[in-house]
Amino acid sequence: MTKTRVIACIYSVYTLIYCLRLYLYNGQLKQLEKQGYNIFYLLSANHYAAIIYFLEAIVLCVVAIFIEFFLFKSFGEINGDKEFLINIATILIIFILVVLTIKLITIPILRLICKAVFIGGTAVAFMFLMDSES
């Protein structure tokens with residue numbers, strides 16, 4: 001097993017655990033949202049867990065890009081059909097994990113972040129507008 005495949009296996013296990021934790025946290029966020037908590041409370045709940053999950057998703061996607069690059073690069077060093085199929089399977093697994101991560105982070109967390117940025121940007125624009133009229 002090549003070093004890249006070992007790293008890909010570690011990445012896959014970590015990402016699966018991350019996705020499970022994120023799925024459970026999304027359920028908690030949806031419950032809090034149903035209870036009527038505002039966007040900024042939801043983003044700051046549990047010591048800013050939503051923002052930490054979002055940043056972790058970005059890091060995982062960037063790491064996946066590097067792993068995929070090295071896996072594609074290793075095609076030139078492959079000896080035999082078995083290694084070729086293992087490489088293809090590893091690439092597909094990582095791709096599926098990236099898609100799953102993006103889907104899970106998009107559902108409530110990215111939506112909340114976009115709303116908060118919109119509200120914050122509108123407030124800043126309003127303050128500049130009021131300041132320029134003075």
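All values reported here derive from a predicted model rather than from experimental measurement.
The side-chain heavy atoms of Glu56 and Leu22, taken from C-beta on, include no pair separated by under 4.5 Å. At a threshold of 4.5 Å between non-hydrogen side-chain atoms, the residues Tyr18 and Ile105 count as touching. Between Ile119 and Phe40, some side-chain heavy-atom pair lies under the 4.5 Å cut-off. When side chains are defined from C-beta on, Lys3 does not count as touching Phe70, because their heavy atoms never get closer than 4.5 Å. Looking only at side-chain heavy atoms (C-beta outward), Tyr25 and Leu29 come within less than 4.5 Å of each other. Side-chain contact between Ser74 and Thr2 is absent, with no heavy-atom pair separated by less than 4.5 Å. Annotation: side chain of Arg111 is not in contact with side chain of Cys114 (no heavy-atom distance under 4.5 Å).
Closest non-hydrogen pair, Ile39 versus Ala116, comes out as CG2-CB, 3.9 Å. Looking at every heavy atom in both residues, Ile78 comes nearest to Phe84 through CG2-N, 3.6 Å.
Separating the CD1 atom in Ile109 from the CD1 atom in Ile51 is a distance of 9.5 Å, to the nearest 0.5 Å. One distance of note links CD1 of Ile7 with CD1 of Ile67; it measures 7.0 Å at 0.5 Å rounding. Here Leu71 contributes atom CG and Ile93 contributes atom CD1; the two are 10.5 Å apart, rounded to the nearest 0.5 Å. Note that the CG atom of Leu55 and the CG atom of Leu60 stand 11.0 Å from one another [nearest 0.5 Å]. The distance from atom OH of Tyr14 to atom SG of Cys19, rounded to the nearest 0.5 Å, is 10.5 Å. Remark: Ile52 CD1 to Tyr48 OH distance equals 10.0 Å, nearest 0.5 Å.
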Begin with the C-alpha distance, continue with both residues' side-chain angles, and end with the deciding distance and a verdict on side chain to side chain contact (heavy atoms under 4.5 Å, CB included) for Lys30 and Gln35.
CA-CA 9 Å; Lys30 287 177 184 177; Gln35 293 174 5; over 6 Å; no
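Following chains of ILVMFWY side-chain contacts shorter than 4.5 Å, one can reach Leu42 starting from Val117, so the two form part of one hydrophobic cluster. Placement of Tyr23 and Leu97 in two distinct hydrophobic clusters is found when ILVMFWY residues are connected by side-chain heavy-atom separations under 4.5 Å, directly or transitively. A chain of hydrophobic side-chain contacts below 4.5 Å, direct or via other Ile, Leu, Val, Met, Phe, Trp or Tyr residues, connects Phe72 to Leu92. The cluster map of Ile, Leu, Val, Met, Phe, Trp and Tyr, joined by side-chain heavy atoms under 4.5 Å apart, puts Ile88 and Phe95 in different clusters. In the hydrophobic cluster analysis, where Ile, Leu, Val, Met, Phe, Trp and Tyr join through side-chain heavy atoms closer than 4.5 angstrom, Val13 is grouped apart from Val59.
Side-chain polar atoms of Glu33 and Tyr41 form no donor-acceptor pair below 3.5 angstrom.
Residue Phe118 qualifies as open at atom CZ: its count of foreign heavy atoms under 6.0 Å is 12 or below. In this structure, Phe75 places its CZ atom where more than 12 heavy-atom neighbours from other residues, nucleotides or ligands lie under 6.0 Å away.
Counting only distance, with no hydrogens or angles, the side chain of Asn26 and the backbone of Leu104 share a donor-acceptor pair below 3.5 Å.
Between Glu68 and Lys73 no salt bridge is recorded (no basic side-chain N to carboxylate O distance below 4.0 Å).
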